[in-house]
Amino acid sequence: MTVVTLVSDPDARLLTPALVAQASRALRAEAAVLSDGEAVAFEVEESASPLPPVLADIVGDRRIDVAVMPSGNRRKRVLLCDMDSTVITTECIDELADLLGIRAEVAAITERTMNGELDFASSVKARVQLLAGLEESAIERLLAERIQLMPGARTLVRTMRAHGARTALVSGGFTRFTGPVAARTGFDEHHANLLEIQDGRLTGRLVPPLLDADAKLRTLDEITGRLGLGRADALCAGDGANDIPMIRAAGLGVGFRPHARVAEVAPVVIRYGDLTALLFIQGYPRSAFAAG
């Protein structure tokens with residue numbers, strides 16, 4: 001059995017009764033409404049991947065995400081999320097660079113790195129080197145003034161924890177940001193890179209080891225192994241190329257508002273929904289959401 005889930009842009013609520021009825025006829029399956037106007041799921045007997053052309057025609061260019069996945073083991077027991085541009089709305093390294101007046105230079109490198117055009121390890125080291133001399137106090141200022149959670153982040157984490165899942169923030173960014181962000185959202189644990197700081201200023205170096213794409217995958221295996229689970233029990237979400245290994249390995253891999261390369265390989269792509277879309281595609285109705 002396969003589950004097809006439609007999730008609308010939450011501000012538009014495009015899943016009208018007429019559109020849901022059309023989708024139901026196209027899939028020859030009854031609709032399970034998860035949130036009025038926002039999310040609906042269909043369980044179909046045959047494989048629905050790739051997406052039936054008739055359903056694609058119904059959705060058209062509307063701001064509706066479509067997720068197709070097996071119906072078994074639908075609710076995951078482990079959640080791993082990237083931080084920058086996934087759990088938060090910005091890229092922390094670009095914000096730090098902005099304070100030095102070099103945002104455009106660093107952001108261009110970040111964009112190419114997240115789309116897989118540059119090697120992550122050498123790229124992050126080069127960008128961090130450009131931050132040498134920045135006052136440590138800038139980090140707290142950014143956390144207070146610019147670092148905003150992605151809509152739905154708290155609800156996603158708290159709902160999955162309420163249903164027994166282990167949650168982890170896994171970032172190629174920096175622990176000085178993942179710690180506070182994990183605390184704000186309610187993640188059980190966080191993993192990231194350690195900035196070297198001396199005499200109250202960034203040195204432009206990282207303290208080894210580097211947390212890169214391979215390290216994210218190892219973190220997935222470490223957490224699931226620790227819990228006596230497997231990769232199939234995990235949901236991994238991210239937007240950049242360094243998230244691809246964990247997204248492809250997970251039982252449910254999600255490209256959340258992804259860069260082009262990630263969108264090409266992620267089993268599920270969410271472009272319009274907020275992070276609560278990750279709950280809908282697991283079959284959680286809005287009535288089961290924990291308060292965010």
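Side chains included, hydrogens not; waters and symmetry mates left out as well; all remaining heavy atoms used. None of these values were measured; they are calculated from a predicted model. By convention here, the first residue in the shown sequence is residue 1.
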Value rounded to 0.5 Å, distance of [atom1] in [X] from [atom2] in [Y]:
X      : Y      : atom1 : atom2 : value
Glu105 : Asp94  : CD    : CG    : 11.5 Å
Cys236 : Leu278 : SG    : CG    : 10.5 Å
Arg103 : Leu96  : CZ    : CG    : 10.0 Å
Leu252 : Leu235 : CG    : CG    : 4.0 Å
Phe187 : Arg158 : CZ    : CZ    : 11.0 Å

So [Y] and [X], do their side chains get closer than 4.5 Å, heavy atoms only?
X      : Y      : result
Leu14  : Leu19  : no
Ile247 : Val262 : yes
Leu130 : Leu100 : no
Asp84  : Met114 : no
Thr89  : Met150 : yes

- prompt: Can you list every side chain to side chain donor-acceptor pair (under 3.5 Å) pair that touches residues 242-254, not counting sequence neighbours?
  reply: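 Qualifying pairs: Lys216-Asp243.
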
Would you find a donor on one side and an acceptor on the other, under 3.5 Å apart, between the side chain of [X] and the backbone of [Y]?
X      : Y      : answer
Asp65  : Gly273 : yes
Asn193 : Gly172 : yes
Gln282 : Lys76  : yes
Thr219 : Ala215 : yes
Thr224 : Asp221 : yes
Thr86  : Met83  : no
Asn73  : Ala232 : yes
Arg13  : Asp36  : yes
Asp188 : Ala168 : no
Arg161 : Gly186 : yes

message: Side chains of Thr110 and Arg127: any donor to acceptor distance under 3.5 Å?
response: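 Yes, side-chain donor-acceptor contact under 3.5 Å.
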
- prompt: Between Glu91, Arg257, His259, which is the residue that forms a side-chain hydrogen bond (donor to acceptor under 3.5 Å, both in side chains) with Ser85?
  reply: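 Per the side-chain hydrogen bond (donor to acceptor under 3.5 Å, both in side chains) rule, the option paired with Ser85 is Glu91, out of Glu91, Arg257, His259.
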
Over 12 non-hydrogen atoms of neighbours within 6.0 angstrom of [atom1] in [X]:
X      : atom1 : value
Arg77  : CZ    : no
Gln129 : CD    : no
Arg271 : CZ    : no

task: Among residues two or more places apart or on two chains, list those pairs meeting ring-ring contact (aromatic ring centres under 6.0 Å, His included) that have a residue in residues 138-168.
output: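 Matches after skipping sequence neighbours: His163-Tyr284.
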
field: Pairs meeting criterion ring-ring contact (aromatic ring centres under 6.0 Å, His included) with involvement of residues 190-216, two or more places apart
entry: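 Not a single pair qualifies under ring-ring contact (aromatic ring centres under 6.0 Å, His included).
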
- request: Please determine which of Thr276, Leu275, Val87 meets the side chain to side chain contact (heavy atoms under 4.5 Å, CB included) test together with Leu156.
  value: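 Answer after filtering Thr276, Leu275, Val87: Leu275.
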
- prompt: For Phe177, which residues count as a ring-ring contact (aromatic ring centres under 6.0 Å, His included) partner, sequence neighbours excluded?
  reply: none

task: For Phe42, check ring-ring contact (aromatic ring centres under 6.0 Å, His included) against everything at least two apart and list the hits.
output: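 For Phe42 there are no ring-ring contact (aromatic ring centres under 6.0 Å, His included) partners, ignoring immediate neighbours.
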
query: Under the 4.5 Å side-chain heavy-atom rule for ILVMFWY, direct or indirect, which residues accompany Leu194?
result: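 Members other than Leu194 - counting any ILVMFWY side chain reachable under 4.5 Å - are Val207.
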
message: Leu27 vs Leu55, test: side chain to side chain contact (heavy atoms under 4.5 Å, CB included). Steps then yes/no.
response: CA-CA 8 Å; Leu27 293 170; Leu55 182 57; 4.0 Å; yes

message: The test is side chain to side chain contact (heavy atoms under 4.5 Å, CB included); show your working for Thr90 and Leu142 and say whether it passes.
response: CA-CA 11 Å; Thr90 56; Leu142 287 181; over 6 Å; no

- request: Please report the C-alpha distance between Arg226 and Glu189 in whole Å, then the side-chain angles of each, then the deciding distance to 0.1 Å, and finally whether the salt bridge (Lys or Arg N to Asp or Glu O under 4.0 Å) criterion is met.
  value: CA-CA 13 Å; Arg226 187 199 318 158; Glu189 54 191 90; 2.9 Å; yes

message: side chain to side chain contact (heavy atoms under 4.5 Å, CB included) for Glu45 and Met1? Distances and angles first, verdict last.
response: CA-CA 5 Å; Glu45 292 186 6; Met1 299 288 283; 3.9 Å; yes

- prompt: Would Val128 and Phe174 count as a side chain to side chain contact (heavy atoms under 4.5 Å, CB included) if you check the C-alpha gap in whole Å, the side-chain angles of each, and the deciding distance to 0.1 Å?
  reply: CA-CA 10 Å; Val128 169; Phe174 314 119; 3.7 Å; yes

